[in-house]
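Throughout, numbering of the chain's residues begins at 1 and tracks the sequence.
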Amino acid sequence: MTDSASTSRLGLLGPPTDEPLISAPDTGEVAGPARDSSAPGTTDVHAATSKIDMHHHYCAPEWREWAARHGLVKPEKLPPWSRLDTEASIGFMDRAGISTAVLKPMLPARYRSTAQLREAINITLQSMLEVASSHPGRFSFYVPLFLDDPDASSWAVRRGLGQLGAVGVNVTANYGGVYLGDPTYDRVFHELNEHAAVVDTHPHNLPDGAPGAVTVPGIPNFMCDFLLDTTRAAVNMIVHRTLDRFPNISVILPHAGGFVPYIAGRLEALGRFCEPPLEPAAVRDHLRRFFYDTAGPMAGAATLLDHVPADHILFGTDWPAAPADTVMKLAFPALDADPAFTADQLRGIYHDNALRLIPQLASV
């Protein structure tokens, strides 16, 4: 068991619970109650379209109560959007034309033991299972993993994927500065490979900084650092040939892969200086095998499509970390109007690509 102060003990997606939260992760919005889907100014243009949202955050109310009772969090310091309920989520989904959302669980706390972490994960899994069961066809969910605790992670894989019908697992880009791809995580990745698991990733603050501290004054960490965190994880997985060593897993990189598409040429040209050295063909191969979601809003797609097949791009909103008006007024128009995508490719991104990756979403 690693030190309880490690990055992973901050949980999936959440900042340290002893720090004030003033900004919503992944957006430039000031954190406040996320705008409801019925808020004035949102548009109905997407309401008739069936979409699958592969990047939809969820903080279980049962977990919040349990964590507060055990002194692991101060509820008032969790982001306000973490208190939105399922009905708010469904309202947003209906407005946005989202038929199904895959829940990315949030468990931001410093856990004191493997047993306590397992309890937190189980509470969250049971909550997501209840949400999915109570709203047939609307929700599925990922299993939250803490890879620096292999015992808890192994248990969570068996519990979530083997027993409860989760459609994949959610991991952070690094745990205590140890990035995805590191051989430290091989035990759990062998188990994920046996399940042919979808491994959804998410960034956090860069390692080695003070918990909750802004790296560059005036620039929220989610603006640049989160994208670099994803980029580091992706490059480390390429260096360690993760997709070759575990060929049955499918890895999703959020936010269109961070900076990965923009440094692909640099990786090919200079990868020989990595340890072990990278061949250009290995870079190209891994970039084409990763999956990428559109949460953001993401940048223009032309550079991404230079390296990635369109059927490996998945729709994601980042709601409610990204408020409804960000999704409806910025992300949707940018995606719809992107000249790099054909109409057929957009249909795949919004719906069909997710079903090809996770066929069980058709019958959740």
Looking at residues at least two apart in the chain, or sitting in another chain, which of them share a salt bridge (charged side-chain N to carboxylate O under 4.0 Å, His left out) with Asp352? none
Output yes when Arg245 and Asp186 qualify as a salt bridge under the 4.0 Å nitrogen-oxygen rule, no when they do not. yes
State whether a side-chain donor-acceptor pair under 3.5 Å links Thr124 with Tyr58. no
For a ring-ring contact (aromatic ring centres under 6.0 Å, His included) check, start with the C-alpha distance between Phe332 and Phe315, then their side-chain angles and the critical distance, and finish with the verdict. CA-CA 10 Å; Phe332 276 149; Phe315 172 64; 5.7 Å; yes
Run the ring-centre check on Phe246 versus His190 and record whether the distance is less than 6.0 Å. yes
Hey, would you say the Trp319 and His55 ring centroids sit under 6.0 Å apart? no
Can you measure from OH (Tyr185) to CG (Leu180) and round to the nearest 0.5 angstrom? 6.5 Å
What about His255 and His202, are their ring centers closer than 6.0 Å? yes
Apply side-chain hydrogen bond (donor to acceptor under 3.5 Å, both in side chains) to residues Tyr350 and Asp336 and explain how you reach the verdict. CA-CA 10 Å; Tyr350 278 131; Asp336 289 341; 2.6 Å; yes
If I take atom CE from residue Met54 and atom CZ from residue Phe291, how far apart are they, to the nearest 0.5 angstrom? 9.0 Å
Identify the residue among Thr242, Val198, Val169 that makes a side chain to side chain contact (heavy atoms under 4.5 Å, CB included) with Ile249. Thr242
Quick one: salt bridge (charged side-chain N to carboxylate O under 4.0 Å, His left out) partners of Asp293, sequence neighbours excluded? none
